[in-house]
Amino acid sequence: MENEHPAVARDTTVVAAGRPLREHDQPVNVPITMTSTYFGQNPISGNDRAYGRYSNPTWDAFEETLAELEGSTLPALVYSSGMAAVAAALSLMPAGGTLIMPRHSYQGSLVLAGEEAGQSRFTLRTVDIADTAAVVHEIEKAYAPLLWLESPTNPMLEIADIQTLTRAAHDAGAIVVADNTFSTPLVQRPLEAGVDVVLHSVTKYLAGHSDVVLGALVTSRADLRERLHAYRSHHGSIAGPFETWLALRGVRTLAVRIERSQTSALELATRLQKHAHVDVVKYPGLPEDPGHERAAAQMEGFGSILCIEVRGGEAAADAVINTVQLWTPATSLGGVESLIERRRRHHGEPASVPANLLRLSVGIENVEDLWTDLDRALRAP
Ligand SMILES: *Cc1c(COP(=O)(O)O)cnc(C)c1O
């Protein structure tokens, strides 16, 4: 039983939601409930916890908090990883149709969708998600029962017109899934734009400390939630109560982390634009960025991921990675520590991603320290 709290702003919700009842000697934080089963002797109804693969009180606290943040009327569903959530969301795709996906979606999502398409379950069509007219044409052209959105895309940071594409997909009778990992509900709320299912790699900003792997889906549609819950129960892609507790602990500081890292990301992007050893800066917060106007219209802030193309090509980009001392060379994003990665070091990364592109996940360190370290690495011979 979680405590009800008054309607508040989202930067208060991250702190106030998912708390135990305000009763004498109740804990202030939800306990980590380690159990595989629950006492029960009567016929099982849909509201019973019954068994540890169906339900857990620590999940409930996280799921209620995330639902409130995304603006869902139903609790979210936490999964064992972001990819487990991707797999569950892809299960909504009926056999025989066309799945439309951004060509720069998260690599794991593209790989899994590609595998399922390879088994002839459906056709996969990858698109330039920023080209609204072209995507609408694809939606109308074929039987496309599922539109996958990611905005900004990974790592090219293209911006999709979420509302327009969702409307076109709904007109065609499709379900729309949006991967909101890069933005978090504090920056962008796809459900408010009409999207049916929002996906998170909780591993990233929501947990926020690079110490847990977890995923989640959020939907206000009871029919979809029932299918996604059944998928989780039957595939066993369930979250550990301890990991879920860590994620909720991370969410408590989400607002201050996002505020800090977004401000630093814009500052670094602005300075990098003028850097002699940087050819291109991609960041939707820059007025010159092709996605800027659209991002400004549908996001609150521009996120904390930026990309640079290093002058001198792939070798020069690798030299930066090998020279930084404060930035951590590693994949992933969304933690308190700043991470830097040359994306094409992954063999599956599309060739449309430049070989000299570095993806920067800006953390919460002092921005001058981040700048000094990066500037020195870029200038190093
Ligand atoms: C990391 C990530 C995923 C996959 O999540 P895991 O928690 O690593 O399984 C999905 N989408 C995006 C945008 C991601 O960054």
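As the structure lists them, so they are numbered: ligands from 1, and atoms in each ligand from 1. Because only heavy atoms are used, hydrogens play no part in the values below, and waters and symmetry mates are left out as well, while side chains stay in.
Nearest protein heavy-atom contact of atom 13 (C) of ligand 1 is D179 OD2, 3.3 Å.
With L306 as the partner, the side chain to side chain contact (heavy atoms under 4.5 Å, CB included) test is satisfied by one option alone out of D289, L272, L358, L266: L272.
Summarising the local packing, CZ of R249 is surrounded by 12 or fewer heavy atoms from other residues, nucleotides or ligands at distances under 6.0 Å. For Y38, the OH atom is densely surrounded, since the number of other residues' heavy atoms within 6.0 Å is greater than 12.
The heavy atom nearest to atom 6 (P) of ligand 1, considering only P155, G82, A85, S183, is found in G82.
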Pair T331, E341 - check side chain to side chain donor-acceptor pair (under 3.5 Å), show working.
CA-CA 6 Å; T331 197; E341 182 181 40; 3.0 Å; yes

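In the vicinity of M83, heavy-atom distances shorter than 4.0 Å reach the ligand 1 atoms 4 (C), 5 (O), 6 (P), 9 (O). The contact set between ligand 1 and E150, taken as ligand atoms under 4.0 Å from a residue heavy atom, comprises 13 (C).
The heavy-atom pair separating R342 from A355 by the smallest distance is NH1-O, 2.9 Å.
Where the criterion is an N or O separation shorter than 3.5 Å, residue side chain and backbone included, S109 fails it with respect to ligand 1. Looking at ligand 1, you won't find any N or O of N154 less than 3.5 Å from one of its N or O atoms. Between T203 and ligand 1, an N or O atom pair is found at a separation short of 3.5 Å. Geometrically, ligand 1 and F182 share no nitrogen or oxygen pair separated by less than 3.5 Å.
A donor atom on one side chain and an acceptor atom on the other are not found under 3.5 Å apart for S151 and E158.
Heavy atoms of L214 found under 4.0 angstrom from ligand 1 belong exclusively to the backbone.
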